[in-house]
Amino acid sequence: MSKKALITGITGQDGYYLAKTLFQKNYEVFGLIRGQNNPKKNLVEQELPFVKLIEADLTDQSSLVRAINYCQPDEVYNLAAISFVAYSFYAPQITFDITGKGVLNLLEAIRLTNNLDKIKFYQASTSEMFGGLEYNRQEKGYDEKALLHPRSPYGVAKVYGHYITRNYRESYGLFACSGILFNHESEKRGYEFVTRKITQAVARIKLGLQDHIELGNLDAKRDWGYAADYVEGMWQMLQQNNPEDFVLATGETHSVKDFLKAAFKEIGINDYQPYVKHNPAFMRPAEVDLLIGNSQKAESQLGWKRQVDFKQLVKLMVENDLAIEKQFVK
Ligand code: NAP
Ligand code: G4F
């Protein structure tokens with residue numbers, strides 16, 4: 001009999017790739033969708049027709065109890081969150097309600113339905129919890145033991161989710177793992193994130209649909225990988241004999257400037273500067289200056305390794321946006 005998996009955040013980037021990965025592994029896949037008429041529902045139904053959608057919201061515990069009772073999953077992947085750091089400064093309370101307390105609501109739903117010894121649980125933790133080298137120096141890259149120093153309401157909420165997940169593992173023996181994932185991008189990345197914002201703009205500039213892009217801090221550095229590689233690691237964590245936390249990262253860091261340079265190069269432009277304007281609206285009240293991860297543990301214990309490198313990532317994102325934007329050329 002095939003295993004059953006419940007994915008929260010099915011309309012998001014990672015939900016898409018994880019659902020595909022699990023389906024390929026012969027899972028029966030359930031996806032949690034929120035809202036009374038979620039605008040992304042049709043797209044999910046088209047792109048992931050094998051996913052059985054369940055209406056529920058991370059902030060509504062009884063809806064989560066209902067969802068768990070309905071699908072009786074073997075594995076729950078909690079990917080749902082307010083995941084945009086910039087937005088978390090504007091809406092810190094809803095960020096905590098969903099990204100932080102939402103994790104507790106889901107864990108409690110598992111406990112209240114007497115599933116603590118039946119379900120394996122994955123929590124989407126993040127490198128945003130580390131806070132960057134200015135506040136949290138780590139010479140060999142952040143690993144599972146690195147100190148936490150979150151610098152945004154999002155990061156703080158994620159730290160709560162991280163610790164409450166560990167607490168349910170230690171208190172109740174729940175098979176619960178946190179994957180501490182560094183930035184991962186793809187053709188499915190939301191347009192609000194800097195990589196997608198850049199690749200979309202680059203495509204539109206190439207096609208004459210736009211003449212510049214407005215950005216904030218170009219000096220920030222991130223450890224950028226490819227989302228499809230990272231969802232495989234999520235699954236691998238839940239196939240271990242014992243629940244543990246793992247960092248997934250490439251071990252390389254690149255600045256926003258590096259990303260701009262690589263993306264513009266894809267359309268034959270060597271100097272991106274004339275096309276980029278600074279807009280202070282995109283600066284954050286507190287910034288994470290540099291993130292670099294150390295995924296030695298995942299590589300040796302899970303056999304996980306990223307496949308797509310920085311250059312390939314930029315190329316595939318630009319090519320994808322060129323194909324999408326072409327349809328708007330008159
Ligand atoms: P994403 O594309 O922003 O997707 C977030 C998902 O959460 C969406 O499906 C969204 O649904 C759902 N959601 C938001 N509020 C909800 C609520 N109240 N109830 C139920 N669902 C709700 O994020 P992602 O990039 O796929 O990331 C997946 C997870 O990994 C997130 O938790 C993120 O914080 C974490 N993470 C991401 C990265 C990265 O670089 N991508 C790195 C580390 C950790 P709607 O469509 O209805 O809004
Ligand atoms: O693409 P970003 O918005 O991603 P950020 O803040 O690193 O967060 C992402 O990765 C986290 C893992 O570390 C996840 F947990 C989180 O859910 C999310 O997926 O911004 C990247 C960098 C920042 O330093 C930002 O200040 O790009 C800088 N930036 C400069 N101009 C900009 C812009 N970011 C955005 N979104 N838009 C700009 O115009």
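Both ligands and their constituent atoms are indexed starting at 1 by order of listing.
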K.L.:
Could you tell me whether ligand 1 has any atom less than 4.0 Å away from a heavy atom of Asn183?
P.N.:
yes
K.L.:
Can a donor-acceptor pair be found between the side chains of Gln210 and Glu325 at a distance below 3.5 Å?
P.N.:
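No, no side-chain donor-acceptor contact under 3.5 Å.
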K.L.:
Mark up the atoms of ligand 2 that fall under 4.0 Å of a heavy atom belonging to Thr126, in ascending order.
P.N.:
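Ligand 2 atoms under the 4.0 Å threshold to Thr126: 11 (C), 12 (C), 13 (O), 14 (C), 15 (F).
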K.L.:
Do Ser62 and Asp60 get their side chains close enough for a donor-acceptor pair, meaning under 3.5 Å?
P.N.:
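The criterion, which ignores hydrogens and geometry beyond distance, is satisfied for Asp60 and Ser62.
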K.L.:
Is a side-chain N or O of Arg222 found less than 3.5 angstrom from the main chain of Asn183, in a donor-acceptor match?
P.N.:
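Checking the backbone N and O of Asn183 against the side chain of Arg222, no donor-acceptor pair under 3.5 Å is found.
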K.L.:
Is the closest heavy-atom distance from Arg189 to ligand 2 below 4.0 Å?
P.N.:
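Yes, that is the case, since the closest heavy atom of the residue is under 4.0 Å from the ligand.
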K.L.:
Can you check which of Ser127, Ala80, Ala81, Ala124 brings a heavy atom nearest to atom 14 (C) of ligand 1?
P.N.:
Ala81
K.L.:
Return the option from Val194, Asp219, Ile180 holding the heavy atom at the smallest distance from atom 33 (C) of ligand 2.
P.N.:
Val194
K.L.:
Go through ligand 2 atom by atom and flag the ones less than 4.0 Å from a non-hydrogen atom of Ala220.
P.N.:
24 (O)
K.L.:
In terms of residue, atom name and distance, what is the protein heavy atom nearest to atom 25 (O) of ligand 1?
P.N.:
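Going atom by atom, the protein heavy atom closest to atom 25 (O) of ligand 1 ends up being Arg189 NH1, 3.4 Å.
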K.L.:
For ligand 1, which is the ligand I care about here, please tell me if Ala56 has any N or O atom under 3.5 Å from one of the ligand's N or O atoms.
P.N.:
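N/O-N/O distance under 3.5 Å: no.
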K.L.:
With a cut-off of under 6.0 Å to the ring centre and 45° to the axis, is Lys120 in cation-pi contact with Tyr77?
P.N.:
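No, Lys120 does not sit over the ring of Tyr77.
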K.L.:
Which protein non-hydrogen atom lies closest to atom 39 (O) of ligand 2, naming both residue and atom, and how far is it?
P.N.:
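Ranked first by proximity to atom 39 (O) of ligand 2 is Lys197 NZ, 2.8 Å.
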K.L.:
Just need the protein heavy atom nearest to atom 31 (C) of ligand 1, so name the residue and atom and give the distance.
P.N.:
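Of the protein heavy atoms, Leu79 O, 3.0 Å lies nearest.
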K.L.:
Check whether Phe193 forms a cation-pi arrangement with Arg196 (NZ or CZ under 6.0 Å from the six-membered ring centre, at most 45° off the ring normal).
P.N.:
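No - Arg196 does not lie over the ring of Phe193 by the 6.0 Å and 45° rule.
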K.L.:
To the nearest 0.1 Å, how far is atom 26 (O) of ligand 2 from its closest protein heavy atom, and which atom is that?
P.N.:
Glu287 OE2, 2.6 Å
K.L.:
Measure from atom 30 (C) of ligand 2 to every heavy atom in Asn217, Thr195, Leu181 and give the option owning the shortest one.
P.N.:
Asn217
K.L.:
Can you find an N/O atom of Phe193 closer than 3.5 Å to an N/O atom of ligand 2?
P.N.:
no
K.L.:
When you look for heavy atoms under 4.0 Å from ligand 1, do you find them on the side chain of Lys40, its backbone, both, or neither?
P.N.:
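For Lys40, only side-chain atoms sit under 4.0 Å from ligand 1.
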K.L.:
Please indicate whether any nitrogen or oxygen in Asp14 is less than 3.5 Å from any nitrogen or oxygen in ligand 1.
P.N.:
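Indeed, backbone or side chain, Asp14 has an N or O that close.
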K.L.:
Nearest to atom 31 (N) of ligand 2, what protein heavy atom do you find, and at what distance?
P.N.:
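Answer for atom 31 (N) of ligand 2: Gly216 N, 2.9 Å.
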K.L.:
Under 4.0 Å, heavy-atom basis, I'd like to know which part of Asn279 is in contact with ligand 2: side chain, backbone, both or neither.
P.N.:
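Neither part.
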K.L.:
What are the atoms of ligand 2, with element, lying closer than 4.0 Å to any heavy atom of Leu291?
P.N.:
13 (O)
K.L.:
With respect to Gln13, determine whether any N or O atom, backbone or side chain, lies less than 3.5 Å from an N or O atom of ligand 1.
P.N.:
yes
K.L.:
Using a distance-only test with no angle check, is there a side-chain donor-acceptor pair under 3.5 angstrom linking Glu28 and Ser2?
P.N.:
no
K.L.:
Does one side chain, of Tyr87 or Glu192, offer a donor that lies under 3.5 Å from an acceptor on the other?
P.N.:
no
K.L.:
Within 45° of the ring axis of Tyr272 and under 6.0 Å from its six-membered ring centre, is that where the NZ or CZ of Lys261 lies?
P.N.:
no
K.L.:
For atom 8 (O) of ligand 2, what's the nearest protein heavy atom and its distance?
P.N.:
Val85 CG2, 3.6 Å
K.L.:
Closest non-hydrogen protein atom to atom 3 (O) of ligand 2, residue and atom name please, with distance?
P.N.:
Arg284 NH2, 2.8 Å
K.L.:
Tell me the contacting part of Asn38 for ligand 1: side chain, backbone, both, or neither, using a 4.0 Å heavy-atom threshold, strictly below.
P.N.:
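Under 4.0 Å from ligand 1, Asn38 contributes side-chain atoms alone.
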K.L.:
Students should be able to answer this: which protein heavy-atom is nearest to atom 48 (O) of ligand 1, and at what distance?
P.N.:
Arg34 NH2, 2.7 Å
K.L.:
Below 3.5 Å, N or O to N or O, backbone or side chain included: is there any such pair between Gly15 and ligand 1?
P.N.:
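Between Gly15 and ligand 1, no N or O pair is found under 3.5 Å apart.
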K.L.:
Write out the residue and atom name of the closest protein heavy atom to atom 20 (C) of ligand 1, then the distance separating them to 0.1 Å.
P.N.:
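Of every protein heavy atom, Leu58 N, 3.7 Å lies nearest to atom 20 (C) of ligand 1.
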K.L.:
Measure up the Tyr142 and Phe130 rings against each other and bin them: parallel (under 30°), tilted (30 to 60°), perpendicular (over 60°).
P.N.:
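Ring orientation of Tyr142 relative to Phe130: parallel.
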K.L.:
If you apply the rule side chain to side chain contact (heavy atoms under 4.5 Å, CB included), what do you find for Ile180 with His162, and how did you get there?
P.N.:
CA-CA 9 Å; Ile180 307 171; His162 186 71; 3.8 Å; yes
K.L.:
Any idea which protein heavy atom is nearest atom 23 (C) of ligand 2, and the distance to it?
P.N.:
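Looking only at protein heavy atoms, the one closest to atom 23 (C) of ligand 2 is Arg222 NH2, 3.5 Å.
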K.L.:
Can you confirm whether the side chains of Thr199 and Asp321 place a donor and an acceptor under 3.5 Å from each other?
P.N.:
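Note: Thr199 and Asp321 side chains meet the donor-acceptor criterion.
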K.L.:
Side chains of Gln123 and Thr165: is there a donor and an acceptor less than 3.5 Å apart?
P.N.:
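Side-chain D/A pair, Gln123 to Thr165: absent.
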K.L.:
Verify whether one side chain among Tyr226 and Glu187 offers a donor that lies under 3.5 Å from an acceptor in the other.
P.N.:
yes
K.L.:
Under 30°, 30 to 60°, or over 60°: which ring-plane class applies to Tyr230 and His184, parallel, tilted or perpendicular?
P.N.:
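Parallel.
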K.L.:
Taking OH in Tyr90 as the centre, count heavy atoms belonging to other residues, nucleotides or ligands within less than 6.0 Å. Is the count above 12?
P.N.:
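For Tyr90, atom OH is not crowded (no more than 12 foreign heavy atoms under 6.0 Å).
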K.L.:
Only heavy atoms count here, so choose which of Lys158, Glu185, His184, Met234 is nearest to atom 40 (O) of ligand 1.
P.N.:
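Shortest heavy-atom distance from atom 40 (O) of ligand 1: His184.
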K.L.:
Give a yes-or-no answer on whether the side chains of Gln301 and Glu244 include a donor-acceptor pair shorter than 3.5 Å.
P.N.:
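Side-chain D/A pair, Gln301 to Glu244: present.
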K.L.:
To which protein heavy atom is atom 43 (C) of ligand 1 closest, and what is the distance rounded to 0.1 Å?
P.N.:
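Answer for atom 43 (C) of ligand 1: Leu181 O, 3.0 Å.
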K.L.:
For atom 33 (C) of ligand 1, state which one of Trp224, Phe193, Tyr154 supplies the nearest heavy atom.
P.N.:
Tyr154
K.L.:
Atom 17 (O) of ligand 2: which protein heavy atom is closest, and how many Å away?
P.N.:
Ser83 O, 2.6 Å
K.L.:
Provide, to 0.1 Å, the distance between atom 44 (C) of ligand 1 and the closest protein heavy atom, together with that atom's residue and name.
P.N.:
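Answer for atom 44 (C) of ligand 1: Ser125 O, 3.4 Å.
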K.L.:
Among Ile198, Asn183, Leu218, which residue places a heavy atom closest to atom 10 (O) of ligand 2?
P.N.:
Asn183
K.L.:
Picking from Leu181, Val231, Asp229, what satisfies side chain to side chain contact (heavy atoms under 4.5 Å, CB included) with Leu248?
P.N.:
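Single pass found, and it is Leu181.
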K.L.:
Regarding Ser255 and Asp219, is there a side-chain donor-to-acceptor distance under 3.5 Å anywhere?
P.N.:
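Short answer, no.
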K.L.:
For atom 23 (O) of ligand 1, which protein heavy atom lies nearest, and how many Å away is it?
P.N.:
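Result for atom 23 (O) of ligand 1: Ser83 OG, 3.5 Å.
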K.L.:
Is any side-chain heavy atom of Tyr154 closer than 4.5 Å to one of Ile82?
P.N.:
no
K.L.:
What residue and heavy atom of the protein are closest to atom 36 (N) of ligand 2, and at what distance?
P.N.:
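Scanning the protein heavy atoms, the shortest distance from atom 36 (N) of ligand 2 goes to Glu192 O, 2.9 Å.
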K.L.:
How far is atom 8 (C) of ligand 1 from its nearest protein heavy atom, and which residue and atom is that?
P.N.:
Thr11 OG1, 3.4 Å
K.L.:
Which ligand 1 atoms does Thr126 reach within 4.0 Å, using its non-hydrogen atoms?
P.N.:
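Answer for ligand 1: 43 (C), 44 (C).
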K.L.:
Would a distance-only check, ignoring hydrogens and angles, find a side-chain to backbone donor-acceptor pair under 3.5 Å from Lys3 to Asn26?
P.N.:
no
K.L.:
In ligand 2, which numbered atoms sit nearer than 4.0 Å to a non-hydrogen atom of Ser127?
P.N.:
12 (C), 13 (O)
K.L.:
Same cluster for Leu6 and Tyr17 if Ile/Leu/Val/Met/Phe/Trp/Tyr side chains link at under 4.5 Å?
P.N.:
no
